[in-house]
There are 2 protein chains.
Amino acid sequence: MKKKRISITDIANALQVTPSTVSRALNGGGKVSEKKRLEIISLAKKLGYRPNPIAKSLLANRTQTIGLILPEFTHHFYSRVLAGIESITSKAGYQLLICTSNENQNQEIKSTLTLLDARVDGILATISKMNDKFEHIQEVMDSGTPLVLVDRFSEEIETPYVISDDFKGAFSAVDYLCQIGCKNILHIKGPDNLSTTFNRFMGYKEALRKHNMPLKEELVLESSDPKLVEKIRLCLTRHQVDGAFTYSDYLAFEIYKLASQLKIQIPEELSVIGYADEPISTYISPTLSTVNQQPFEMGAMSARYLLNKINDPEVALEVKNLETKLMIRESCKVVETQS
Amino acid sequence: MKKKRISITDIANALQVTPSTVSRALNGGGKVSEKKRLEIISLAKKLGYRPNPIAKSLLANRTQTIGLILPEFTHHFYSRVLAGIESITSKAGYQLLICTSNENQNQEIKSTLTLLDARVDGILATISKMNDKFEHIQEVMDSGTPLVLVDRFSEEIETPYVISDDFKGAFSAVDYLCQIGCKNILHIKGPDNLSTTFNRFMGYKEALRKHNMPLKEELVLESSDPKLVEKIRLCLTRHQVDGAFTYSDYLAFEIYKLASQLKIQIPEELSVIGYADEPISTYISPTLSTVNQQPFEMGAMSARYLLNKINDPEVALEVKNLETKLMIRESCKVVETQS
DNA sequence: CTATATTGGTCAAACGTTTGACCTAGGGAG
DNA sequence: CTCCCTAGGTCAAACGTTTGACCAATATAG
């Protein structure tokens with residue numbers, strides 16, 4: 001049974017004053033003699049008084065809580081985003097109410113409702129991959145609850161968001177592959193209708209263009225393709241592929257497997273760059289070159305942004321595009337004289 | 001600015017009844033005519049009424065919230081624990097208030113206070129590695145807030161906990177190594193004064209005993225040893241080590257690296273088993289045998305246990321020891337005729 | 001026809017805190 | 001001495017909800 005915690009009225013009764021006086025003594029609102037103030041404070045300390053945030057919330061209509069919706073925790077990326085968010089919110093004295101959508105839009109909608117019901121002061125959310133409904137997002141905005149989207153956004157709805165600069169990230173990777181002399185660069189695209197998929201593909205195309213290399217349809221594959229493995233194999237054997245840039249690190253590992261089967265040496269015959277900088281990249285052999293999205297910073301930045309919005313509703317609608325970092329490791333061949 | 005949400009009194013005023021009637025109509029507490037009931041319900045729906053849990057909490061002295069303290073999120077293990085917890089609590093209609101200790105006891109103490117202040121209905125916590133203070137744990141227990149420790153515990157304080165059966169987990173791994181004929185089995189221990197370190201070591205010893213193999217001091221190393229890498233190298237070269245069981249998967253990868261340097265073939269010359277079943281284990285080559293601790297189940301079990309305690313304070317103090325699963329992969333040599 | 005039970009509701013307190021309005025006693029100015 | 005100011009407090013409302021006590025009207029039993 002939860003023990004009753006001592007309240008401001010308990011102190012008031014013990015000292016023959018009113019709760020108001022105790023409140024003012026504790027919060028420094030004047031109107032209380034120095035003597036009484038000290039008396040109250042010392043008794044409060046002695047009894048281990050701790051204010052009840054629930055009562056405060058009810059009155060103030062703010063909960064010092066921010067809601068977070070993430071698709072899942074198991075990818076390293078989201079763990080880092082979460083850590084980044086936590087680092088900021090905990091310092092600012094906010095609690096974190098966390099929900100998972102499991103990449104399922106219905107759960108996402110449910111979570112949104114839950115958070116709204118809980119009267120969180122703001123919401124950070126990564127919308128699920130498959131998203132075609134936006135009523136719940138609209139509802140959040142209508143409710144006046146500050147909202148910042150993280151990592152993914154949709155053009156269907158005008159919200160502030162913080163994302164990684166996928167275009168530049170992809171561009172830098174493919175640009176690098178070109179620089180070290182790759183002539184046939186394979187790209188494996190991510191899930192459809194995700195802005196990240198689109199932007200990374202654009203970055204790939206732009207880098208090719210910069211180096212006056214043609215875009216070859218047959219070198220662009222889709223991760224959702226059930227025959228993906230077959231098609232990669234085909235690419236590697238028929239099209240003299242000497243470079244690969246994949247939507248994710250895990251897709252890069254698929255290439256590792258096939259290369260090993262086909263006795264293709266990485267990086268001597270094939271340079272590979274993945275995306276996301278999962279920790280596994282540095283443990284696998286050869287260590288995988290990849291694009292780091294600074295997820296911790298992304299989380300921290302979203303949280304800072306949201307806190308700003310909470311404290312000043314007039315803060316401008318903004319879009320933050322976070323720089324990526326190209327991590328070159330053993331999976332890219334080394335050239336002596338770099339162009 | 002957060003929009004005022006419509007309250008039970010708003011409905012009451014609109015319909016010329018008292019808030020009590022509305023409350024009873026909505027919660028089915030009788031004492032309201034069918035006609036009025038329908039009227040109230042339909043207006044509530046129309047206005048999008050949603051009860052304010054904060055007001056309820058204040059009255060009921062329960063928040064439908066459970067507090068969670070984890071050391072960090074970035075290890076896959078804790079992500080899975082978190083996912084397991086979330087799967088249970090969300091179904092049961094509880095919110096999750098999450099804090100990180102960063103393996104730092106002071107932060108852990110601060111988090112505990114925060115959760116207590118927030119009046120959570122129960123706490124799930126993984127205490128940090130270095131722990132010598134228990135006043136905060138005691139304070140939780142004194143407050144009457146149900147508490148369940150997860151993954152780690154301390155004998156200094158009598159709390160219920162859910163852990164993985166490290167002894168059996170380690171035993172099964174080393175037992176397997178013995179069965180496939182390993183004669184000199186290296187063990188790398190984990191951080192000092194962690195119960196998991198101790199129990200896995202005990203499992204190692206017990207398995208050796210079962211197979212009548214002597215415990216060789218020189219084959220037991222400490223992960224915290226600054227000269228660890230040197231010592232592993234020494235073991236591998238001098239002591240005819242043909243099996244290795246490590247406290248973590250990552251330590252196993254250290255062995256992979258050294259084996260590769262020393263041209264020792266895994267698994268032909270050296271069979272390796274790690275611990276934790278990090279996803280990377282299946283991506284690395286050769287895929288790593290390891291001990292799966294069922295972290296998702298651990299989280300789920302802790303959450304179920306805590307919910308029981310919350311609903312019935314008389315529930316017995318118990319200790320749950322979760323079964324592990326030995327995952328045999330490519331890093332263990334295959335023998336035709338198994339003893 | 002009276003006593004009683006039932007139905008359908010109202011009232012007010014309670015949860016813990018904050019805060020504006022109000023009160024009172026004492027001190028200083030005129 | 002009266003008037004006003006101020007320091008130091010009290011009172012009550014408010015936040016949104018639940019709930020036990022109460023009450024009036026109607027129906028039922030005897």
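This one's a predicted model, so the numbers in the text were calculated from it and none came from an experiment. Lettering follows sequence order; numbering is per chain, from 1.
The nearest whole Å value for the distance from the NZ atom in B/Lys2 to the P atom in D/dC15 is 15 Å. Atom CG in B/Asn13 sits roughly 14 Å away from atom C1' in C/dT10 (whole-Å rounding). Straight-line distance from the CZ atom of A/Arg50 to the P atom of C/dG16: 16 Å, rounded to whole Å. When rounded to the nearest whole Å, the span between CZ of A/Arg62 and P of D/dG16 equals 16 Å. Taking atom CD1 on B/Ile40 and atom C1' on C/dG8, their separation rounds to 11 Å, with Å as the unit. Protein atom CD1 of A/Ile54 is 13 Å distant from nucleotide atom C1' of D/dT17, rounded to whole Å. Nucleotide D/dG16 holds its P atom 11 Å from the CZ atom of B/Arg5, rounded to whole Å. Put simply, CD on A/Gln16 is 10 Å from P on D/dT10, counting in whole angstrom units.
Under a cut-off of 6.0 angstrom, the local environment of CD in A/Glu318 is crowded, with over 12 non-hydrogen atoms contributed by other residues, nucleotides or ligands. Surrounding CD of B/Glu158 are at most 12 heavy atoms belonging to other residues, nucleotides or ligands under 6.0 Å away. The environment of A/Lys2 atom NZ is dense: over 12 non-hydrogen atoms of other residues, nucleotides or ligands sit within 6.0 angstrom.
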Determine, for nucleotides 19-28 of chain D in 5'-to-3' order, which nucleotides have protein heavy atoms under 4.0 Å from the base (write B), from only the sugar-phosphate (write S), or from neither (write -).
BBBB------
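Among the candidates A/Leu97, A/Thr114, A/Leu96, the single residue satisfying the side-chain contact (heavy atoms from CB on, under 4.5 Å) test with A/Val120 is A/Leu97. Of the residues A/Ile66, A/Thr63, A/Thr65, A/Ile88, the one that meets the side-chain contact (heavy atoms from CB on, under 4.5 Å) test with A/Tyr94 is A/Ile66.
For B/Ser128, the side-chain hydrogen bond (donor to acceptor under 3.5 Å, both in side chains) partners are B/Glu108, not counting sequence neighbours.
Between B/Arg37 and A/Pro53, the residue whose closest nucleotide on DNA chain C is further toward the 5' end is B/Arg37. Each of B/Glu34 and B/Ala60 was matched to the nucleotide of DNA chain C holding its nearest heavy atom; the match closer to the 5' end belongs to B/Glu34.
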List the atom pairs, donor and acceptor, that lie under 3.5 Å between side-chain atoms in residues 35-46 of chain A and the rest of the protein, sequence neighbours left out.
| from | atom 1 | to | atom 2 | distance (Å) |
| --- | --- | --- | --- | --- |
| A/Arg37 | NE | A/Glu34 | OE1 | 3.3 |
| A/Arg37 | NH2 | A/Glu34 | OE2 | 3.1 |
| A/Ser42 | OG | A/Glu39 | O | 3.2 |

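Note on B/Lys36: every side-chain N or O is 4.0 Å or more away from OP1 and OP2 of C/dG8.
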